[in-house]
Amino acid sequence: MPTVLTDVFRGHPIHLPHTHQPDFTSLSELPDSYTWTSKDDPLFTAPPSPPDAGESIPLIDLNHPDAANQIGRACRTWGAFQIANHGVPLELLQGIEFLTGSLFQLPVQRKLKAARSDTGFSGYGVARISSFFNKKMWSEGFTITGSPLNDFRKLWPQLHLNYCDIVEQYEEQMQKLASKLMWLSLNSLGVTEEDIKWATVSSDLNWAQSALQLNHYPVCPEPDRAMGLAPHTDSTLLTILYQNNTAGLQVFRDDFGWVTVPPVPGSLVVNVGDLFHILSNGLFKSVIHRARVNQTRPRLSVAFLWGPRSDTKISPVPKLVSPDESPLYRSVTWTEYLRTKATHFNKALSMIRNHREK
Ligand SMILES: C=C1C[C@]23C[C@@]1(O)CC[C@H]2[C@@]12CCC[C@@](C)(C(=O)O1)[C@H]2[C@@H]3C(=O)O
Ligand SMILES: O=C(O)CCC(=O)C(=O)O
Ligand SMILES: [Fe+2]
């Protein structure tokens, strides 16, 4: 039996202090344990792109005839882009935002009834990458994979079925969209279904699996010294992110520094993840991103983390490797990669890189 995402951390416990979260709203000063400097994260004080430089990830209209090329270009240069006219109903985006807001507004004792266990995948807790940093992040999260029924029943004894329904509809829409985006970007490189047999467009999508990460960044007394979610790349093929109307997401570019992704109502943000970086032999860049926090407005985001089934080996598409060079990366399954990431964090991608021999 191939592992499913739920089993990824079974036998690979990650101990995280979910139960030590403060009541964020009661703090009028930033405690030292939440105060970040460049000692805690070398990129913390990297210069932000000047607002007048006008640099921003592209906003791509999926109905535009040139959308595939625009997406391909964005994946090569930024590793991220926003999309409009994506076909996901606005009411569903509003529904998932409402669910996320209601979940995090629950009393902390109720949320802890659905806390993520050390070997578990789903549930309430601090960011999984917390163990790699000395300082705490000003956020709380909830991961969903498979049916959320058991967790939701603990959170909302009355309304859980309505909320399960929203999650199911949202995941269904996101799966279709993610597959469409992957093929648009691959087609822009001349890669077709003949080249990647495990991911056929016409199949019923059971070659893919996903997780939903709900994030809440409460208002913060000293946002300039706090960190919502520390810099990371996602381990996915693609991540599709919905953010509410409060800015906070930033992407890093060597040439510009940190660039804020402004919320555009109704649009979605798409990130290239590490597995897509590998599949494209490094042509598409998995983007380093982080979330900052705000002094007056809470921020919510919903990340749809999408990758292949656990038994699929991902390796660079042969067509994208020059005949006189070896592939940049070794093959890896999503499960293997998530475990490597859980142990080695931002060194994971370089750990599966081949040392080039001509
Ligand atoms: C499938 C997954 C990707 C993820 C780890 C997870 O098991 C579920 C949560 C995801 C997330 C969201 C926040 C950032 C991140 C690095 C993390 O700690 O948890 C990602 C993980 C990832 O993409 O590696
Ligand atoms: O909240 C955000 O904007 C970023 C969230 C994120 O990067 C993630 O959940 O992986
Ligand atoms: Fe992320």
Side-chain angles (χ1 to χ4, degrees), residues 3-10 12 14 16 18 57 79-80 82 97 100 104 116-117 119-133 137-146 178 208-218 227-252 258-263 268-277 286-294 298-310 332-349:
T3 45
V4 286
L5 282 179
T6 333
D7 297 330
V8 166
F9 300 114
R10 197 162 285 164
H12 300 259
I14 311 176
L16 291 168
H18 305 304
I57 64 170
Q82 302 213 62
E97 180 176 337
T100 306
F104 291 113
R116 207 170 64 225
S117 73
T119 51
F121 193 93
S122 305
Y124 174 75
V126 301
R128 209 176 285 272
I129 54 176
S130 300
S131 57
F132 296 98
F133 296 91
M137 299 176 211
W138 196 264
S139 60
E140 52 184 345
F142 194 95
T143 313
I144 299 171
T145 194
Q209 57 178 340
S210 63
L212 212 53
Q213 173 71 27
L214 315 181
N215 299 305
H216 173 222
Y217 308 92
M227 178 67 82
L229 186 61
H232 65 278
T233 58
D234 295 340
S235 309
T236 52
L237 283 168
L238 290 173
T239 300
I240 304 179
L241 185 100
Y242 173 77
Q243 53 176 341
N244 74 348
N245 210 7
T246 304
L249 174 64
Q250 295 184 324
V251 297
F252 188 75
W258 287 109
V259 178
T260 296
V261 179
L268 294 163
V269 183
V270 184
N271 288 343
V272 170
D274 294 338
L275 292 186
F276 211 24
H277 186 115
S286 57
V287 64
I288 299 178
H289 54 286
R290 69 179 183 183
R292 300 306 303 270
V293 294
N294 193 286
R299 179 162 183 273
L300 299 172
S301 73
V302 178
F304 176 77
L305 301 137
W306 185 76
R309 269 170 59 140
S310 301
V332 67
T333 65
W334 198 11
T335 301
E336 288 161 355
Y337 194 74
L338 281 169
R339 286 183 186 151
T340 308
K341 188 92 171 230
T343 327
H344 301 283
F345 187 42
N346 58 11
K347 296 195 186 65
L349 194 55

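In each ligand, atom 1 is the first atom listed, and ligand 1 is the first ligand listed.
Atom 9 (C) of ligand 1 has as its closest protein heavy atom Gln213 OE1, 3.6 Å. At the shortest separation from atom 14 (C) of ligand 1 among protein heavy atoms lies His232 NE2, 3.5 Å. The protein atom (non-hydrogen) at minimum distance from atom 3 (O) of ligand 2 is Arg299 NH2, 2.8 Å. Atom 20 (C) of ligand 1 has Asp234 OD1, 4.5 Å as its closest protein atom, hydrogens excluded (heavy atom only). The protein non-hydrogen atom at the shortest distance from atom 3 (C) of ligand 1 is Leu338 CD2, 4.0 Å. Of all protein heavy atoms, the one lying nearest to atom 9 (O) of ligand 2 is Asn215 ND2, 3.0 Å. With respect to atom 6 (C) of ligand 1, the closest heavy atom belonging to the protein is Phe121 CZ, 3.7 Å.
Checking each of Asn215, Leu214, Asn244, Ile144 against Val302 for a side chain to side chain contact (heavy atoms under 4.5 Å, CB included) leaves exactly one that passes, namely Leu214. When each of Asn271, Thr233, Asp234 is paired with Thr239, the side-chain hydrogen bond (donor to acceptor under 3.5 Å, both in side chains) condition holds for Asp234 and for no other.
Every atom of ligand 2 is numbered from 1 in the order shown, and the set under 4.0 Å from a heavy atom of His289 is 7 (O). Close contacts between ligand 2 and Tyr217 involve ligand atoms 1 (O), 2 (C), 4 (C), 5 (C) [criterion: under 4.0 Å to a heavy atom]. The distance from ligand 2 to the heavy atoms of Gln213 drops below 4.0 Å at these ligand atoms: 9 (O). Heavy-atom contacts of Ser235 reach the following atoms of ligand 1: 22 (C), 23 (O), 24 (O) (cutoff under 4.0 Å). Under a 4.0 Å criterion applied to the non-hydrogen atoms of Leu305, ligand 1 contributes the atoms 9 (C), 10 (C). Listed by number with element, the atoms of ligand 2 under 4.0 angstrom from any heavy atom of Leu229 are 5 (C), 6 (C), 7 (O), 8 (C).
Contact between Ser301 and Tyr217 at its shortest, heavy atoms only, is OG-CE1, 3.9 Å.
Remark: the backbone N or O of Val287 is paired with a side-chain donor or acceptor of His289 at under 3.5 angstrom. For the pair Gln209 (side chain) and Thr145 (backbone), a donor-acceptor distance under 3.5 Å is absent. With hydrogens and angles disregarded, a donor-acceptor distance shorter than 3.5 Å links the side chain of Tyr337 to the backbone of Leu349. Not one N or O on the side chain of Ser130 forms a donor-acceptor pair closer than 3.5 Å with the backbone of Val126.
Per-atom contact check: atom 16 (C) of ligand 1 touches the protein, criterion being a heavy-atom distance below 4.0 Å. When distances from atom 11 (C) of ligand 1 to the protein are checked, no heavy atom turns up under 4.0 Å.
Residues Phe304 and Ser210 meet the side-chain proximity criterion, which asks for heavy atoms closer than 4.5 Å. Between Glu140 and Tyr124 the shortest side-chain heavy-atom distance falls below 4.5 Å.
Residue-level proximity to ligand 2 for Leu241 is carried by the side chain, the only part with a heavy atom below 4.0 angstrom. Residue contacts with ligand 1, taken as heavy atom pairs separated by less than 4.0 Å, involve Arg128 via backbone and side-chain atoms alike. Neither the backbone nor the side chain of Val269 has any atom closer than 4.0 Å to an atom of ligand 2 (non-hydrogen atoms only).
Distances from the Fe ion (ligand 3) to the N/O/S atoms of Asp234 are shortest for OD1. The Fe ion (ligand 3) sits nearest to atom NE2 when only the N, O or S atoms of His232 are considered.
Using cut-offs of 30° and 60° on the angle between ring planes, the pair Phe133 and Phe345 is perpendicular.
Checked by atom type, the side-chain pair Asp274/Ser235 shows no donor-acceptor distance below 3.5 Å. Side-chain contact check for Asn294 and Thr246: no donor-acceptor pair (N or O, by modelled atom type) lies under 3.5 Å. Side-chain polar atoms of Arg299 and Gln243 form a donor-acceptor pair below 3.5 angstrom.
Not a single heavy atom of Arg290 sits under 4.0 Å from any atom of ligand 2.
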